[in-house]
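Worksheet: one structure, shown below.
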There are 2 protein chains.
Amino acid sequence: MSRSGEFEIIERLLAPLAGEGAFSLSDDAAVLPELSHGEAWVATKDAMVAGVHFLADDPPDLIARKLVRVNLSDLAAMGASPMGYLLAFALSPDCDDDWLEAFVAGLAEDQRIFGIALYGGDTVSTPGPVTLSLTALGRVERGRELRRNGARAGDAVYVSGSVGDAALGLKCLQEELAVSAGYRKTLVDRYRLPEARVRLGPALIGSATACQDVSDGLAADLGHIARRSGAGMEIEADLVPISQAARAAIAAGSGLETLPFTGGDDYELVFTAPVDAVLPDVGVPLTRIGRVVAGDGVRFMSRGGEISLRQAGWRHF
Amino acid sequence: MSRSGEFEIIERLLAPLAGEGAFSLSDDAAVLPELSHGEAWVATKDAMVAGVHFLADDPPDLIARKLVRVNLSDLAAMGASPMGYLLAFALSPDCDDDWLEAFVAGLAEDQRIFGIALYGGDTVSTPGPVTLSLTALGRVERGRELRRNGARAGDAVYVSGSVGDAALGLKCLQEELAVSAGYRKTLVDRYRLPEARVRLGPALIGSATACQDVSDGLAADLGHIARRSGAGMEIEADLVPISQAARAAIAAGSGLETLPFTGGDDYELVFTAPVDAVLPDVGVPLTRIGRVVAGDGVRFMSRGGEISLRQAGWRHF
């Protein structure tokens with residue numbers, strides 16, 4: 001195996017990804033583009049470690065794209081539209097040029113899909129696992145960003161798309177779960193290459209009262225909104241949208257019924273809105289799953305009773 | 001030893017460092033403050049790995065402050081004034097709460113010194129060495145940022161402060177060099193806690209034609225300016241400013257005469273300016289060390305002849 005030096009990696013692989021103001025990565029820093037009047041920059045930063053946040057033998061292009069999307073999801077949760085990013089990678093000894101080229105091809109593909117550019121970064125070596133850190137920058141109308149703290153008793157609770165696929169996909173990759181090849185691919189793809197709801201987030205400005213993305217798991221992430229808003233939530237477990245592949249996997253496994261509520265990595269958006277709010281149609285299904293109540297905590301209900309998320313035998317379909 | 005969970009680390013240690021728009025780190029992302037009319041955001045990102053960019057047993061507060069300053073130095077090299085930063089840390093199993101508290105105290109101290117705020121970040125675990133990544137954000141008058149590509153034949157070449165201390169300090173820490181306790185402290189301090197020339201960089205706008213910081217070493221970093229500017233440089237080796245501690249260390253060691261030209265981590269600024277430019281006085285010594293010439297490459301000269309940076313026996317004092 002062989003690996004290019006830092007300068008060659010930058011000039012040959014990364015410079016072609018650089019946006020205006022990043023000067024082909026020739027300088028110490030980048031000058032960010034000018035926003036429209038009234039817009040503000042939004043910044044977020046997530047890190048991923050091989051063996052912790054992705055599997056070391058995951059395809060490198062998908063590792064890159066997941067890293068991008070995890071961060072764009074954070075921007076979307078604030079209602080921000082993505083503009084660009086800075087990337088730091090600490091490369092382990094077994095990242096050769098093939099790995100790097102595939103990784104960079106993944107970056108290029110998602111830059112194209114999301115209309116974003118590379119603004120800078122750093123490439124270093126580590127004797128440990130591959131460690132990646134990305135800072136994503138987006139824009140939002142100043143003062144209108146979506147926050148976690150605006151949910152009010154009486155609001156409805158919504159989630160986009162469906163939840164549970166990513167956690168079940170990870171179980172497939174870890175060979176803890178066996179499903180048909182088609183369902184396995186659906187679930188694994190969802191784990192490795194989440195959507196980032198970049199159009200939905202900005203479109204929710206004006207209707208959502210609170211928003212956040214589902215990274216830690218539906219229950220935990222709803223809990224963040226509840227706590228920051230000083231309110232509670234009642235979620236109708238039977239209303240939570242679950243894909244056909246996830247239903248098949250839950251049926252094939254054992255004790256997985258509540259995994260869609262606790263598993264992470266779905267990168268859907270959860271949000272609250274007044275019950276009479278008109279929700280945007282950007283081609284992403286939105287499902288009303290519950291309501292904001294006075295009090296605190298998030299309770300999952302079924303047929304009038306609360307269910308425990310540790311209650312493995314509960315079946316919601 | 002014990003270590004708090006991610007949420008406790010964020011709420012107890014990091015939230016108090018958060019700036020306006022970072023919402024006490026309660027949300028997915030931060031909304032950056034509004035700049036004055038005509039100003040642009042400048043962004044840079046550097047990563048550091050224990051055992052590679054710092055020593056694992058370096059004091060944690062100094063690791064934090066070096067990480068901050070390395071990035072602020074990149075902003076200064078573009079003429080930008082620092083505003084804030086996002087931080088990702090991947091913590092190894094041996095980072096306990098004591099380590100974390102000292103690290104955060106270092107961040108707080110440099111926030112105070114440089115007038116900057118925390119805008120966000122991520123805290124994860126790694127089975128490998130501590131890996132840190134910081135994105136620094138600053139501001140500059142749009143279109144007036146300092147670049148590397150503006151040096152012109154006939155310009156003078158300048159460096160701030162003095163060079164060589166950091167590389168010699170690292171040799172002291174690695175016990176490859178023995179000097180008196182006072183000099184050792186000076187050199188080691190310089191390695192562990194570099195200055196960042198945050199006032200000099202912005203003050204050079206209007207006089208410097210090209211600028212960059214000394215991170216890879218004087219010769220390498222002058223080489224970046226020369227290459228990007230399509231010019232060459234002749235540096236008078238005897239004019240390069242070297243501290244008394246460095247002179248003593250070079251005399252005490254063997255073959256260290258050219259280390260101030262090749263050693264990294266000084267975080268001074270090197271810049272070019274027309275010979276008749278009036279340079280700013282911000283309390284940092286500026287030394288003219290050479291000139292920009294037609295051609296390419298960086299040559300170090302002494303008494304009319306070129307010296308080799310691998311020529312260990314050359315003595316410049």
Side-chain angles (χ1 to χ4, degrees), chain A residues 21 23 26-34 40-53 73-78 80 86-90 92 119-129 131 133-138 140 142-143 145-149 211-213 215 224 228, chain B residues 21 23 26-34 40-53 73-78 80 86-90 92 119-129 131 133-138 140 142-143 145-149 211-213 215 224 228:
Chain A
F23 313 122
S26 65
D27 284 67
D28 288 291
V31 180
L32 302 188
E34 196 164 0
W41 283 97
V42 175
T44 188
K45 184 174 172 81
D46 270 331
M48 294 187 355
V49 179
V52 181
H53 304 91
S73 177
D74 282 327
L75 294 182
M78 299 279 292
L86 297 95
L87 171 69
F89 33 171
S92 68
Y119 291 150
D122 198 11
T123 306
V124 299
S125 293
T126 178
T131 303
S133 160
L134 191 143
T135 298
L137 293 158
V140 73
R142 184 174 295 282
E145 64 276 2
L146 300 175
R147 298 280 311 278
R148 291 178 178 172
N149 64 358
C211 186
Q212 102 137 63
D213 70 337
S215 52
H224 295 318
R228 296 293 175 185
Chain B
F23 312 122
S26 64
D27 284 66
D28 288 291
V31 179
L32 303 188
E34 196 164 0
W41 283 97
V42 176
T44 188
K45 184 174 174 77
D46 270 331
M48 295 189 351
V49 179
V52 181
H53 304 90
S73 178
D74 281 328
L75 294 182
M78 297 279 291
L86 297 95
L87 171 69
F89 32 172
S92 68
Y119 292 150
D122 198 12
T123 306
V124 299
S125 292
T126 178
T131 304
S133 159
L134 191 142
T135 298
L137 293 159
V140 72
R142 185 175 295 281
E145 64 275 3
L146 300 175
R147 299 280 312 279
R148 291 179 177 172
N149 64 359
C211 185
Q212 100 137 63
D213 69 337
S215 52
H224 295 317
R228 296 293 175 184

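Every chain is numbered from 1, with letters handed out A, B, ... down the list of sequences.
Counting heavy-atom pairs under 4.5 Å between each of A:Val52, A:Leu146, A:Asp46, A:Leu137 and chain B puts A:Asp46 at the top. Among A:Thr123, A:Val124, A:Leu75, the residue with the largest count of heavy-atom pairs under 4.5 Å with chain B is A:Val124. Interface check for chain A: of the options B:Val140, B:Asn149, B:Thr126, the most heavy-atom pairs under 4.5 Å are formed by B:Thr126. Note on B:Asp27, B:Asp122, B:Thr44: by heavy-atom pairs under 4.5 Å with chain A, the leading option is B:Asp27. Counting heavy-atom pairs under 4.5 Å between each of B:Pro33, B:Ser215, B:Gly21, B:Ala50 and chain A puts B:Pro33 at the top. Contact count against chain A (heavy-atom pairs under 4.5 Å) is highest for B:Ser133 among B:Gly128, B:Ser133, B:Gly120. The most heavy-atom pairs under 4.5 Å with chain A, out of B:Pro129, B:Ala40, B:Ala77, come from B:Pro129.
Looking at A:Ser125, the atoms closer than 4.5 Å to chain B (heavy atoms on both sides) all sit in the backbone: N, CA, C or O. Heavy atoms of A:Arg148 lying under 4.5 Å from chain B belong to its backbone as well as its side chain. Interface residue A:Ala90: only side-chain heavy atoms are found under 4.5 Å from chain B. Using a 4.5 Å cut-off between heavy atoms, A:Thr131 touches chain B through its side chain atoms alone. The contact between A:Glu145 and chain B is made entirely by side chain atoms (from C-beta outward), counting heavy-atom distances below 4.5 Å. Looking at B:Val49, the atoms closer than 4.5 Å to chain A (heavy atoms on both sides) all sit in the side chain, from C-beta outward. Both the backbone and the side chain of B:Val31 come within contact range of chain A, judged by heavy atoms closer than 4.5 Å. In this structure, the portions of A:Arg147 lying under 4.5 Å from any heavy atom of chain B include both its backbone and its side chain.
Between the NZ atom in B:Lys45 and the CG atom in B:Asp74 there is a gap of 12.5 Å [rounded to 0.5 Å]. Atom CD of residue A:Gln212 and atom OG of residue A:Ser73 lie 9.0 Å apart, to the nearest 0.5 angstrom. To the nearest 0.5 Å, atom CZ of residue A:Arg142 and atom CG of residue B:Leu32 are 8.0 Å apart.
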